[in-house]
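Keep in mind it's a predicted model, so treat the numbers as computed, not measured.
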Amino acid sequence: MAGVPLDQRDGWIWFDGEMREWKECKVHVLTHALHYASSVFEGQRAYNGEVFKLHEHSERLRKSANILDFEIPYSADEIDAACREVLEKNNLTNAYMRPVAWRGSHELGLGAHSNPVHLAIAAWEWPSLFSMEEKLKGVRLAWSDWQRPAPDSAPFASKAAGLYMICTLSKHAAEAKGYSDALMRDYRGYVAEATGANVFFIKDGEIHTPIPDCFLDGITRRTVIALAKEQGINVIERIIKPEEIGDFEECFLTGSAAEVTPVAEIEGTIFEKRDICQKMIEAYADAVQPKKAAAE
């Protein structure tokens, strides 16, 4: 299925409360979200039939919509149930899942309060954001020319579609130079994140990661921080300047799509060690697997 365009696949998508055939799920060209980016989404993974931290994702989806001033007409519990229904209907156990909510097409203009809000949930097999070869070697990152905007310039706490426009531009530019992805600075020039994943650095047995004060505090990010602390590894959330990059020994990315992915290079700065990175890969892989009931 890897070569089949997403709009041509077979299967089922949950769309506004009912299951619809995959190829029939379409929206109008005058949909508000297409013109004004009034859309929010989640990226989440199912492992052995269960979506990791599903309820957190569903709650964040609703919160993201509220930040963009619209209300998803389904509760977090209802979204949870719909996600599980999608997995079952498509006979999926290990999958990537994309819930997306958006303003519809009743009217087109900046004022959009009368537009209905839609919700769709799709899932498909997608092993990893990066290829196995890239993950084994470690991905190579280029510096992006685009910066994460100031917190009073964009709704950074929302997983809003519009915030990813500069991520696409950054990733395309990095790939054109032969890299896998891009590392972005924030509006102050400090290290922020990759285009779709948070970044971590290791020095002297401690993990350092940027403070998410102008970019999304990822669910995987928080999970990895908790896992590191459980293993007795000190985690320091702080401002990281680009000129510090060469002082670090290891680097890795985290995200629902990326999971835990080692970084081999940031545009000329090489990271050869993988000790703590490997620990976090293993800890995360164990954490995402559904736990058997205590009675079993």
Strictly distance-based, threshold 3.5 Å: is any side-chain N or O of [X] a donor or acceptor partner for the main-chain N or O of [Y]?
X	Y	answer
Arg9	Trp22	no
Ser75	Glu78	yes
Lys171	Ser180	yes
His35	Val29	yes
Asp186	Arg188	yes
Thr269	Glu265	no
Thr31	His28	yes
Asn48	Pro290	no
Asp286	Glu282	no

Test item: [X] and [Y] side chains (from C-beta on) under 4.5 Å apart, heavy atoms:
X	Y	result
Pro116	His106	yes
Cys214	Tyr187	yes
Leu54	Cys83	yes
Val100	Val40	no
Ile166	Gln147	no
Glu237	Pro212	yes
Arg185	Pro242	yes
Phe200	Cys277	no

In terms of side-chain geometry, is the basic nitrogen of [X] or [Y] positioned less than 4.0 Å from the acidic oxygen of its partner?
X	Y	answer
Glu42	Arg60	yes
Glu71	Arg62	yes
Glu244	Lys203	no
Glu50	Arg84	no
Lys63	Glu59	no

So, applying side chain to side chain contact (heavy atoms under 4.5 Å, CB included) with Glu193, which one of Thr209, Asn198, Leu253 is it?
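Exactly one candidate clears the test, Asn198.
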Measuring from atom [atom1] of [X] to atom [atom2] of [Y], what distance do you get when rounded to the nearest 0.5 angstrom?
X	Y	atom1	atom2	value
Ile121	Glu85	CD1	CD	9.0 Å
Trp124	Asn90	CH2	CG	11.0 Å
Leu68	Arg103	CG	CZ	7.0 Å
Asp69	His113	CG	NE2	5.5 Å
Met97	Leu92	CE	CG	7.5 Å

Above 12 or not: heavy atoms from other molecules or residues under 6.0 Å from [atom1] of [X]?
X	atom1	value
Trp146	CH2	no
Glu243	CD	yes
Lys23	NZ	yes

Is the [X] ring parallel, tilted or perpendicular to the [Y] ring (thresholds 30°, 60°)?
X	Y	result
Phe201	Phe271	tilted
His208	Phe248	tilted
Tyr36	His32	tilted

No-hydrogen, no-angle side-chain donor-acceptor test under 3.5 Å, [X] and [Y]:
X	Y	answer
Glu206	Asn234	yes
Asn94	Glu125	no
Thr223	Lys53	yes
Glu107	Ser114	yes
Thr254	Thr220	no
Asp80	His55	yes
Asp181	Thr195	yes

Does NZ or CZ of [X] lie under 6.0 Å from the centre of the six-membered ring of [Y], at an angle within 45° of the ring axis?
X	Y	result
Arg20	Trp14	no
Arg45	Trp126	yes
Arg148	Phe215	no

Please check if Leu30 and Leu110 belong to a single hydrophobic cluster, counting links between Ile, Leu, Val, Met, Phe, Trp and Tyr side chain heavy atoms closer than 4.5 Å.
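As far as the 4.5 Å side-chain criterion goes, Leu110 and Leu30 are connected within one cluster.
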Does Met280 share a hydrophobic cluster with Phe52, counting links as ILVMFWY side-chain heavy atoms below 4.5 Å and allowing steps through other members?
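Yes, same cluster.
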For [X] and [Y], work out which heavy atoms get closest and say how close.
X	Y	result
Ile72	Ala101	CD1-CB, 3.7 Å
Ala264	Gly138	CB-O, 3.6 Å
Leu87	Ala123	CD2-CB, 4.4 Å
Ile79	Ser58	CG2-OG, 3.4 Å

Please step through salt bridge (Lys or Arg N to Asp or Glu O under 4.0 Å) for the pair Arg140 and Glu267, ending with a clear verdict.
CA-CA 7 Å; Arg140 299 172 61 244; Glu267 204 157 337; over 6 Å; no
Please step through side-chain contact (heavy atoms from CB on, under 4.5 Å) for the pair Cys251 and Val199, ending with a clear verdict.
CA-CA 7 Å; Cys251 179; Val199 65; 3.7 Å; yes
Test Ile233 against Lys229 for side-chain contact (heavy atoms from CB on, under 4.5 Å), laying out the working first.
CA-CA 5 Å; Ile233 301 171; Lys229 290 179 178 179; over 6 Å; no
Starting from the C-alpha separation in whole Å, work towards a yes-or-no answer on side-chain contact (heavy atoms from CB on, under 4.5 Å) for Ile245 and Trp143.
CA-CA 12 Å; Ile245 296 298; Trp143 283 104; 3.9 Å; yes
Please assess Val191 against Met184 for the test side-chain contact (heavy atoms from CB on, under 4.5 Å), listing each intermediate value before the final yes or no.
CA-CA 6 Å; Val191 176; Met184 304 180 75; over 6 Å; no
Step by step, work out the salt bridge (Lys or Arg N to Asp or Glu O under 4.0 Å) result for Lys279 and Asp275.
CA-CA 7 Å; Lys279 287 182 180 179; Asp275 299 343; over 6 Å; no
Given ring pair (Phe, Tyr, Trp, His ring centres under 6.0 Å), test Trp102 with Phe15 step by step and report yes or no.
CA-CA 12 Å; Trp102 68 96; Phe15 196 119; 5.7 Å; yes
